[in-house]
Amino acid sequence: YPCEVIRNFSIIAHIDHGKSTLADRYVKQLLLTNTITKKDKGLNQQVLDKLKVERERGITVKAQTASMFHEKDGTNYLLNLIDTPGHVDFSWEVARSLAACQGALLLVDASQGVQAQSISVFHVAREKGLTIIPVLNKIDLPAAQPEIVALQMQSTFGLDPSDVIQISAKTGKGVEKVLQAIVNRIPPPVGDPSAPLKGFLFDSSYDRYRGVISLMSIQGGVLRKGDKIASCHTRKKYEVTELGIMHPEEVPTDCLRPGQVGFVACSMKESGEAHIGDTFHRVGQLVEPMPGFKPAKAMASVYAGIYPVDSSDFLKLEESIKRLSLTDRSVEVTRETSSALGQGCRLGFLGTLHMDVFRQRLEDEYDANVIITAPTVPYQIVHRDGKTSLISNPTEFPDPSEFASGGRVRAVLEPIVKASIIVPEKYFSAMMDLCFEHRGTDLDWQPMEAPGQADGGEAMSNRVFMSVTLPLAEIVTGFFDKLKSRSSGFASFDYEDAGYQKGDLRKMTFLLNHKPVDALALIVHAKAVDETGRYWVEKLFKIIPRQLFEVPIQAAVGNTIIARRTLSALRADVTAGLYGGHYERKLKHLQNQKESKRKMKRVGRIDLPQEAFFDLLSSK
Ligand code: GTP
């Protein structure tokens, strides 16, 4: 397959606009006509959304790639679909997948119109210089308004309405036309087979037996089995043991040529060695690395501690986390110890959805029973001497005394994001209130629809495009749910990093019997201190079992107590209620008690069942 007959493309879309359905249709078509692999892959299920969580939540989490053949005017084309994840948390993954493409299908739901993420993914694709094919999906729906949405695409993206292809991924109408447009409009990749080898790693997965399987796009040269290659980033050397295309499952081939996209297995044992955005070259033949390399480190935007409900399960949990993070390189893992919860891991995620997905996979695939501490964003501490450090755990946050004159800390900076919201005018003031409640600043807005544009019903007429700066910490807890409920589901939302900004923040600690419980520490904005303190103390009061003595529950900032409740004392004798002195029964009860003692955590002389932490931290 010379470059001229190769097309590399992605589908980009706002969540739920039908990206997986369209990709799935192509892949099914591919499986039906597939003569190479005869394996029945369950044609009735969405092939691309493989993971159980993805199916349950109906969202694509891990990018998957498939190659297909398409015949046009007697020429057989190789079309490589590079799937991109469809949620805001994964916008960086979208960017790196797009780096392996020359074109993108911009899919917009004809009944919903252009939404916040349609705009952000459009810009990423534009910046990468990709050819954009506008596609309107769901034209089979009675609520579809293709003409209006085509005009929106013109006014928002400057795209020519006559270029817009109308399809229904569900019924299959128009999808063939899209394949033709891919061949006609997207330029072939460029790459010289005689040039030095240059392979761009844009995704990786982990196989228990073969180690790391990388997905690479070959930018120059030809990659063959047995080749010795090296990473531009780590300088580590490998031997290619297997390679081929995804059709849609792995199909081994002799080589991968310039412009091709395929899988490469190469004696890479640790998935930590597969750096997304890395460039590989032939050993002894150095090349200029591709731009777009970002060390995974600085990417996490949400951190949380993960602990086993039963602390004796720590090693098993750690092993499961390690295994799972092999399949998801965007998770950062370090060990940490909490006096309340024992041994655990601190994990960094791309966002809260990513965190939820990871936790669910741990539970589903590894049968783990875990406690996750409240999510926290990374804070930047500016020291008096001008040095800065990042912290990812509230317990590391400076105490008020450290801010005082002579203290070591000059300021704390928090991550902020530039958010965009698209919402029908009717809900505009509710959205403004929401933004202000969450410390929004620099609020700006403009009408979305072009003047004089026809009425598109509630979902699509008189919409407002709002932009607002928000602290990241405000959106990691519950913002999205509120946005949806206060706009009857009509608001769409997206955000991008906007650096760090000074924040008036406090560390709140919770004390049980006058002893701080590290796992419960929170970072709170100065204005929210009282409310947050009262809220959590009340919650602790309801969840913590009464003890044999009186237990004060307090929220504090530095030495100041913000809120307090007191649990009254209780006398407990587990065998007291058993009559007749049935020995075996009594023994069983005592054993049960012993068993549950083992799972208890001693905090300030209080025996706290791990389940109490679970209840506390898992309920909102
Ligand atoms: P993520 O995987 O989360 O990114 O979402 P997505 O954009 O891939 O959307 P998905 O393909 O899961 O489709 C969302 C919903 O729209 C599903 O319920 C689909 O069945 C439905 N849908 C997709 N395409 C069409 C279409 O052409 N017509 C109709 N009526 N429904 C469609």
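Everything numeric in this text was worked out from a predicted model, so none of it was measured. Atoms within a ligand are numbered from 1 in the order they appear, just like the ligands themselves.
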- Around atom NZ of K418, are there more than 12 heavy atoms of other residues, nucleotides or ligands at under 6.0 Å? no

- Message: Tell me whether the count of non-hydrogen atoms from other residues, nucleotides or ligands lying under 6.0 Å of NZ in K72 goes above 12.
- Response: yes

If you measure from each non-hydrogen atom of [X] to ligand 1, which part falls under 4.0 Å: side chain, backbone, both or neither?
{"X": "L141", "value": "side chain"}
{"X": "T21", "value": "both"}
{"X": "A13", "value": "neither"}

- Task: Closest by any non-hydrogen atom to atom 15 (C) of ligand 1: pick that one out of K170, Q117, K138, K173.
- Result: K138

Lys/Arg N to Asp/Glu carboxylate O, [X] vs [Y], below 4.0 Å:
{"X": "E474", "Y": "R439", "value": "yes"}
{"X": "R486", "Y": "E437", "value": "yes"}
{"X": "R210", "Y": "E242", "value": "yes"}

- Mind checking whether G18 has an N or O less than 3.5 Å away from an N or O of ligand 1? yes

- Query: Is the shortest N/O to N/O distance between T171 and ligand 1 below 3.5 Å?
  - Reply: no

- Which of the atoms of ligand 1 are close to S168, meaning less than 4.0 Å from one of its heavy atoms? 26 (C), 27 (O), 28 (N)

- Message: Is there a side-chain contact between S467 and W445 in this structure, where contact means two heavy atoms from C-beta onward sitting under 4.5 Å apart?
- Response: no

